[in-house]
Amino acid sequence: MIWVLDILLLILLPLTAIVVVRSRDLMVAAIVYSIYSFDMAIIYTQLNAPDVGLAEAAVGAGATTILFLIAITKTERMEE
Amino acid sequence: MPADRWEDVIAQTIARLLIPMILLYGIYVIFHGHLSPGGGFQGGVILASSVILYSLVHELDQATKFFKKKFRVILEPIGPIIFAFIGLLCIFFSGNFIQYSKLPFLGDKEMAAVSITIIEAGIGVTVMAMVISIFFSLGGRNR
Amino acid sequence: MNKLAPTFVVLVIGLIMAIAVGDMPPFGALNSPASSYLSPYYIKEAYDVAGVHNIVTAVLAYWRGYDTFGEVTVIFTAGIAVMALLGRE
Amino acid sequence: MNLSFYLQHYNYWICVSLFMIGIYTMIAKKNIIKKFMGLNIVDTSIFLFFISMGDKRNAAAPILHAENEIIVNNYVNPLPSVIILTAIVVALGLTATALSFAVKIYEEYGTLNSEKIERLW
């Protein structure tokens, strides 16, 4: 029954991507992008690629989100 | 001391406990990358994330004391320099550019494994310096 | 009309990609074209030639060394570019 | 073209939908940082496509656990992992350079809307 968990993780991806696209607040978009990236890391590990999963969990969910948050605090927060 | 300075004792204590473990895990990921999942890219980003955690909890100026700009400029080209040095050393011992088995110090397989480990360490240092310098430059004080 | 143009472009791209996905081999097939010509050589020879258990590291630093060398140079260039663009601290 | 055809390709349909969402973000949204998020989503969909192409049924991760007898079908394809591993770090460098350009643009023009920037330029 592991494929049920697999399909649930895969369905979570477009939902979080749509939240990233639709939200007016850029801070919310950056944090939901972190959730999206961590979900993608779990899927990579499930597909037997642990190197790529480790890199995605460190780079996507950590570094890229922090860079987005710094850039948002340097500029403006709300999208007009 | 500026008025908008943010300090939290609980966060600083937890970070003081966590940062050595993150550093140890990053070094493990780099140097154990030929037996288990890992390697230079992942370990470099993990090492840089410990410095980012330190500068989020404390002030950014205290973190830039350890990694000054002159030090980062020296630290950043270490990976390409090590890679090019080992590659050209293989040419010196009558091989191709990165044909590690031509190096005469150990056997063929062992020499390749040792060279791969050294190169991964260089890649890790470069990636760490790059992420730290991007964080410091992008999160500078005046907007 | 101007609001509907991006949706139209995206739907055309999605239709083209859906037609292309129809020709892919099934998910998890053992004899798919991606994993039948080159990768068995790497899996067989990784320990004998490179002396490394992790096949990904062996391919990354031994057979594809030029690729990794260029990629490290790209990372170095990105760090220098950001430091040159906003060099205040 | 029956139901099992669609069920055998479910990863690829998720990749196609993520690609469409990212392209829509890059075309329709006006904010520059939102465009960079769409670029990252497109990147990640292509990575997922490559990784699902290299998977094999009932196989393990590409780390050798016995050096003597190596059965090829017991390990997944290591080549997409290598390519994607370098591509992830290049995507990090691309995002960092793009965000520093965005900060510079905001200091110069005072806005992040791309149409206003084109008008002011």
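Order of the sequence lines fixes the chain letters, A, B, ..., with proteins taken first and strands second; residue numbering starts at 1 for each chain.
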message: Is D:K116 close to chain A through its backbone or its side chain, or both, or neither, when contacts mean heavy atoms under 4.5 Å?
response: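 The side chain, not the backbone.
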- request: Examine whether an atom of D:I84 lies under 4.5 Å from a heavy atom of chain A, and if so say whether it belongs to the side chain, the backbone or both; otherwise answer neither.
  value: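 Side chain only.
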message: Which atoms of A:A30 are under 4.5 Å from chain D, going by heavy atoms: the side chain, the backbone, both sets, or neither?
response: both
message: Using heavy-atom distances under 4.5 Å, tell me whether A:I43 contacts chain D through its side chain, its backbone, both, or neither.
response: side chain
message: I'd like to know whether D:F36 forms a side chain to side chain contact (heavy atoms under 4.5 Å, CB included) with A:T64, so could you lay out the CA-CA distance, the side-chain angles of the two residues, the decisive distance to 0.1 Å, and finally the verdict.
response: CA-CA 11 Å; D:F36 296 152; A:T64 308; over 6 Å; no
task: Heavy-atom pairs under 4.5 Å with chain A are the metric here; pick the option from D:A60, D:G38, D:A102 that has the most.
output: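 Of D:A60, D:G38, D:A102, D:A60 has the most heavy-atom pairs under 4.5 Å with chain A.
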- prompt: Using a cut-off of under 4.5 Å for heavy-atom pairs, which of D:L112, D:L48, D:L85, D:T95 has the most such pairs with chain A?
  reply: D:L48
Can you tell me how far [atom2] of [Y] sits from [atom1] of [X], rounded to the nearest 0.5 angstrom?
X	Y	atom1	atom2	value
D:F47	A:E56	CZ	CD	7.5 Å
D:L18	A:Y36	CG	OH	4.5 Å
A:T65	D:N40	OG1	CG	9.0 Å
A:T75	D:K104	OG1	NZ	14.5 Å
A:Q46	D:S52	CD	OG	12.5 Å
A:M40	D:D43	CE	CG	10.5 Å

Might you point out which heavy atoms bring [X] and [Y] nearest each other, and give the distance in Å?
X	Y	answer
D:L99	A:A71	CD2-CB, 3.9 Å
A:L26	D:M37	O-CE, 4.1 Å
A:N48	D:P62	O-CD, 3.6 Å
D:L92	A:A63	CD1-CB, 4.0 Å

query: Do the side chain of D:K34 and the main chain of A:S23 share a donor and acceptor less than 3.5 angstrom apart?
result: yes
message: Quick test of your reading: applying side-chain hydrogen bond (donor to acceptor under 3.5 Å, both in side chains), list the pairs with at least one residue in residues 16-29 of chain D, sequence neighbours left out, ordered by first then second residue.
response: none
message: I need the contact set between residues 7-14 of chain A and chain D: heavy-atom distance under 4.5 Å, sorted by residue number.
response: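 Listed by number: A:I7, A:L10, A:L13, A:P14.
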- prompt: Under a 4.5 Å cut-off applied to non-hydrogen side-chain atoms, are A:L47 and D:N11 in contact?
  reply: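 Yes, close enough: below the 4.5 Å cut-off.
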- prompt: Should D:Y106 and A:K74 count as side-chain neighbours, where that means a heavy-atom distance under 4.5 Å?
  reply: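 Side chain of D:Y106 against side chain of A:K74, heavy atoms only: no contact under 4.5 Å found.
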